[in-house]
Number of protein chains: 2
Amino acid sequence: MRKFTSRNLLKNNKLKVTPQRTLLLDIISKYGHIDTDSIVTEITSTLPSVSVATVYKNLSTLIENGIVKEVNFPGKKKMYELNINKHIHLVCSKCGNIRDIDMSESLLKEKFRDIIDDEIDDFNINFYYTCKSCKKS
Amino acid sequence: MRKFTSRNLLKNNKLKVTPQRTLLLDIISKYGHIDTDSIVTEITSTLPSVSVATVYKNLSTLIENGIVKEVNFPGKKKMYELNINKHIHLVCSKCGNIRDIDMSESLLKEKFRDIIDDEIDDFNINFYYTCKSCKKS
DNA sequence: CTTATTGCAAAGGTTTTGCATCGCT
DNA sequence: AGCGATGCAAAACCTTTGCAATAAG
């Protein structure tokens with residue numbers, strides 16, 4: 001069982017390990033959920049010459065390889081997250097804060113077995129609610 | 001209890017009833033899930049002078065009023081649907097066909113009460129699987 | 001009659017492409 | 001050494017804005 005370093009994620013998928021890619025993965029991992037704008041800002045603060053084209057191309061290949069996942073919150077910009085552990089999102093309708101809740105495919109399948117008996121390849125689940133600190137104010 | 005005509009949806013929300021708006025709602029209703037490109041194509045086939053700006057502005061106001069909802073399927077264009085009855089999406093990973101499954105907030109809350117005990121304002125739920133006809137081929 | 005909506009054209013933002021160079025393996 | 005990845009600049013998309021003209025209530 002290997003460690004989930006950015007480097008290993010790439011190697012395990014037979015992708016070339018470049019500074020741009022490992023940094024991209026490090027950043028996505030650090031932020032949890034991040035949009036392309038912030039990725040470019042963050043990445044160029046360490047490697048100033050990285051171009052947006054490289055960021056977009058790498059996001060595509062990482063998604064194709066199942067390492068990264070696109071996440072959408074309606075009305076917000078597309079975000080990206082690591083596709084390592086299956087989870088759902090609890091999003092505060094007021095402040096936008098996102099909490100990840102681990103959720104296995106098998107548990108989900110059980111919850112929805114009244115509705116879907118097919119095999120589930122993947123899922124997107126977001127719940128919108130008002131978080132504790134936003135309820136106070 | 002009023003009928004859910006496009007006209008009534010607008011009137012109930014104190015929005016002006018214009019030909020562009022009722023047609024937009026009719027189209028979204030007809031297609032179930034539709035992106036802006038197809039909306040513009042469809043709408044101009046009936047009212048040729050409608051501009052994209054009008055479509056975008058109307059989508060915004062309809063969303064603000066809770067009549068329309070943005071739906072995202074990662075890797076695809078943004079789509080729009082009527083926000084009339086709560087439902088989840090079953091999406092075929094192969095052919096992309098989308099099936100709506102009615103689901104009340106209360107039923108959902110029950111399924112996830114082990115995870116979230118707060119009040120749920122809204123949700124986005126998509127399951128990806130392989131549909132019957134795609135399994136054959 | 002008043003005010004929101006429309007259509008147009010321009011601007012702004014985001015993502016993709018082509019191609020020459022560079023650098024992993 | 002070979003082939004994929006990178007950076008750049010341009011192109012292609014997608015969405016918003018400002019404003020004058022129009023039409024809904």
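Reckoned from all heavy atoms, side chains included, excluding hydrogens, waters and symmetry mates. Convention: sequence-line order gives letters A, B, ...; per-chain numbering from 1.
- A donor-acceptor pair under 3.5 Å is formed between the side chain of A:Asp35 and the backbone N or O of A:Asp37.
- Side-chain nitrogen and oxygen atoms of B:Thr54 include at least one within less than 4.0 Å of the OP1 or OP2 phosphate oxygen of C:dG7.
- The CG-C1' distance, from B:Leu59 to D:dT17, rounds to 16 Å in whole Å.
- Looking at every heavy atom in both residues, B:Leu59 comes nearest to B:Thr36 through CD1-CG2, 3.7 Å.
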_Please determine whether side chain to side chain contact (heavy atoms under 4.5 Å, CB included) holds for the pair B:Asn126 and B:Ile88, giving the CA-CA distance in whole Å, both sets of side-chain angles, and the decisive distance to 0.1 Å._
CA-CA 6 Å; B:Asn126 306 326; B:Ile88 69 173; over 6 Å; no

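- The interatomic distance linking A:Lys77 (NZ) with D:dC14 (C1') rounds to 14 Å, in whole Å.
- Picking from C:dT25, C:dT6, C:dA4 the nucleotide with the shortest atom distance to the side chain of A:Lys11 gives C:dT25.
- Fit an axis to the five pairs at each end of the helix from C:dC1-D:dG25 to C:dT25-D:dA1 and the two axes sit 50° apart, to the nearest 10 degrees.
- Residue B:Gln20 places no side-chain N or O under 4.0 Å from the OP1 or OP2 atom of D:dA23.
- Applying the 4.0 Å criterion to OP1 and OP2 of D:dT6, one finds that A:Thr18 has a side-chain N or O inside that range.
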*B:Ile125/B:Leu108 under side chain to side chain contact (heavy atoms under 4.5 Å, CB included): CA gap, chis, key distance, verdict*: CA-CA 10 Å; B:Ile125 300 189; B:Leu108 253 188; 3.7 Å; yes

Are any protein N/O atoms closer than 3.5 Å to N/O atoms in nucleotides 16-21 of chain C? If there are, list each pair with its distance.
from	atom 1	to	atom 2	distance (Å)
C:dG18	O6	A:Lys57	NZ	3.1

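- The only member of B:Asp100, B:Asp121, B:Asp122 that meets salt bridge (charged side-chain N to carboxylate O under 4.0 Å, His left out) when paired with B:Lys86 is B:Asp122.
- Note on A:Ser49: a side-chain N or O is less than 4.0 Å away from OP1 or OP2 of D:dG7.
- Judged by closest nucleotide on DNA chain D, B:Thr36 is the one of B:Val17 and B:Thr36 placed further toward the 5' end.
- Here the rule is ring pair (Phe, Tyr, Trp, His ring centres under 6.0 Å) with B:His89, and of B:Phe127, B:Tyr128, B:Phe73 only B:Phe73 fits it.
- Between the side chain of A:Thr44 and the main chain of A:Val40, a donor-acceptor pair closer than 3.5 Å is present.
- For C:dT6, neither phosphate oxygen OP1 nor OP2 lies less than 4.0 angstrom from any side-chain nitrogen or oxygen of B:Ser51.
- By the neighbour-count criterion of 12 heavy atoms within 6.0 Å, atom NZ of A:Lys109 is densely surrounded, having more than that number from other residues, nucleotides or ligands.
- Taking 4.0 angstrom as the limit, A:Asn58 places a side-chain polar atom (N or O) nearer than this to OP1 or OP2 of D:dT6.
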